[in-house]
J.: 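Supplied in structure tokens, the structure appears directly below.
Below, chains carry the letters A, B, ... as their sequence lines are ordered, and counting in each starts from 1. Just so you know, these numbers come straight off a predicted model, no measurement behind them.
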Amino acid sequence: QKEVEQDPGPLSVPEGAIVSLNCTYSNSAFQYFMWYRQYSRKGPELLMYTYSSGNKEDGRFTAQVDKSSKYISLFIRDSQPSDSATYLCAIEIQGGKLIFGQGTELSVKP
Amino acid sequence: EPEVTQTPSHQVTQMGQEVILRCVPISNHLYFYWYRQILGQKVEFLVSFYNNEISEKSEIFDDQFSVERPDGSNFTLKIRSTKLEDSAMYFCASSGDTYEQYFGPGTRLTVT
């Protein structure tokens, strides 16, 4: 079983929609979870950082961790065309080593 | 806002040549990392570095790779003898006292 799995999409939504992006992971010992946004041929940009379980909100973005299901989610409210990018989940597994999901390509249509 | 910078943005080299990719991490960060991303694939961890030592390295990071912090601001990745399969985007990242890693814009390495 892969350590982190993410549906690659692509996902296309109309402007203003609520977007739900998800990843599953294999090891219940993982504690640190991140979401990055990556535009084409650019570096990943840190969006959200969560420790352990629960929700974290920042503006239109909410990160959610369900450790019992080994499931992490990123919700984007009132999505905008500028949110069109690839969204990567990442999990810290040991000594700062991040394992990334495949990335979900999101397109928000005006 | 402080950011990680990388040079060059694009490097073209011939197979068998040595390349050095350079990074300037965020100034008060202590942990440094290199990742790579082959076109269309996942971002992959290569190595982490703290207190002038390698903390973790992946299977990819073999004897052809080395890292160095030659002064108080730069962090470098050297590939001794490049192969075609080393063609990728290479990202440097840094973090402070949490695991929040901030990535640079990347160096696109093309090996011909």
Side-chain angles (χ1 to χ4, degrees), chain A residues 1-10 21-27 29-53 56 58 61 63 65 72 74 85-105, chain B residues 1-7 9-10 21 23-26 29-51 53-61 67 88-110:
Chain A
Q1 185 183 5
K2 292 182 183 176
E3 288 171 310
V4 180
E5 298 206 51
Q6 183 176 8
D7 185 342
L21 304 165
N22 308 293
C23 287
T24 58
Y25 61 94
S26 60
N27 190 331
F30 296 154
Q31 300 265 48
Y32 298 92
F33 307 93
M34 278 143 275
W35 284 95
Y36 285 85
R37 177 172 61 196
Q38 187 177 31
Y39 294 108
S40 182
R41 293 187 175 257
K42 302 291 185 188
E45 174 193 358
L46 181 63
L47 286 176
M48 302 288 282
Y49 170 80
T50 313
Y51 169 69
S52 194
S53 277
K56 186 173 182 180
D58 184 2
F61 297 89
V65 177
I72 60 175
L74 179 71
T86 297
Y87 289 81
L88 311 172
C89 62
I91 299 176
E92 190 278 337
I93 66 169
Q94 182 177 308
K97 175 179 177 180
L98 296 186
I99 298 297
F100 282 82
Q102 179 71 28
T104 300
E105 186 182 343
Chain B
E1 185 175 315
E3 58 183 17
V4 177
T5 59
Q6 290 185 243
T7 54
S9 57
H10 188 196
L21 309 182
C23 168
V24 179
I26 292 172
H29 283 182
L30 299 175
Y31 298 84
F32 314 115
Y33 313 86
W34 284 100
Y35 292 80
R36 78 172 186 189
Q37 187 176 30
I38 295 169
L39 190 63
Q41 297 188 23
K42 287 185 181 188
V43 176
E44 299 175 288
F45 171 83
L46 292 178
V47 67
S48 60
F49 190 85
Y50 170 71
N51 200 25
E53 287 185 348
I54 290 175
S55 308
E56 292 285 334
K57 60 182 182 178
S58 71
E59 292 167 356
I60 304 166
F61 195 89
V67 289
M89 285 288 285
Y90 286 81
F91 296 110
C92 173
S94 68
S95 65
D97 54 4
T98 70
Y99 289 121
E100 294 172 80
Q101 294 182 25
Y102 295 87
F103 282 68
T107 293
R108 182 154 62 106
L109 177 65
T110 303

J.: Side chain, backbone, both or neither: which part of A:I99 has a heavy atom under 4.5 Å from chain B?
T.: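 For A:I99, no heavy atom lies under 4.5 Å from chain B.
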J.: Just so I understand: if I count every heavy-atom pair under 4.5 Å between each of A:K42, A:Q94, A:K97 and chain B, which residue has the most?
T.: A:K97
J.: Just say parallel, tilted or perpendicular for the rings of B:Y35 and A:F100, cut-offs at 30° and 60°.
T.: perpendicular
J.: When B:Y33 is tested against each of B:C92, B:S55, B:S95 for side chain to side chain contact (heavy atoms under 4.5 Å, CB included), which residue passes?
T.: B:S95
J.: Would you give the length of the straight line joining atom CD1 of A:I91 to atom CG of A:N27, rounded to the nearest 0.5 angstrom?
T.: 9.0 Å
J.: Between chain B and each of A:G103, A:G101, A:G96, A:G95, count heavy-atom pairs under 4.5 Å; write down the option with the most.
T.: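 The candidate making the most pairs under 4.5 Å is A:G96.
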J.: Who among B:K57, B:Q41, B:Q6, B:R108 has the most heavy-atom pairs with chain A under 4.5 Å?
T.: B:R108
J.: I would like to know whether A:T104 and A:Q6 meet side chain to side chain donor-acceptor pair (under 3.5 Å); could you show each step before the answer?
T.: CA-CA 7 Å; A:T104 300; A:Q6 183 176 8; 3.2 Å; yes
J.: So for B:Y50, is it side chain, backbone, both, or neither that comes closer than 4.5 Å to the heavy atoms of chain A?
T.: neither
J.: Heavy-atom distance under 4.5 Å to chain A: side chain of B:Q37, backbone, both or neither?
T.: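 The side chain, not the backbone.
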J.: Just distance, no hydrogens or angles: give the donor-acceptor pairs under 3.5 Å from side chains in residues 42-49 of chain B, sequence neighbours left out.
T.:
from	atom 1	to	atom 2	distance (Å)
B:K42	NZ	A:V4	O	3.4
B:E44	OE1	B:R36	NE	3.2
B:S48	OG	B:E56	N	3.0

J.: Is it the backbone or the side chain of A:L98 that comes under 4.5 Å from a heavy atom of chain B, or both, or neither?
T.: both
J.: Side chain, backbone, both or neither: which part of A:E92 has a heavy atom under 4.5 Å from chain B?
T.: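 Contact with chain B involves the side chain of A:E92 alone.
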J.: Given that the side chain runs from C-beta out, which part of B:Y31 has a heavy atom under 4.5 Å from chain A: side chain, backbone, both or neither?
T.: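 Looking at B:Y31, nothing touches chain A.
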J.: My understanding is that only residues two or more places apart in sequence, or in another chain, count here; which of them pass salt bridge (Lys or Arg N to Asp or Glu O under 4.0 Å) with A:R37?
T.: A:E45
J.: Name the orientation class of the two ring planes belonging to A:Y32 and A:Y49 (parallel below 30°, tilted from 30 to 60°, perpendicular beyond 60°).
T.: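 Geometry flag for A:Y49 against A:Y32: parallel rings.
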J.: Given a strict heavy-atom distance threshold of 4.5 Å, which part of A:Y36 is in contact with chain B: side chain, backbone, both, or neither?
T.: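 Side chain of A:Y36 only, per the 4.5 Å heavy-atom cut-off to chain B.
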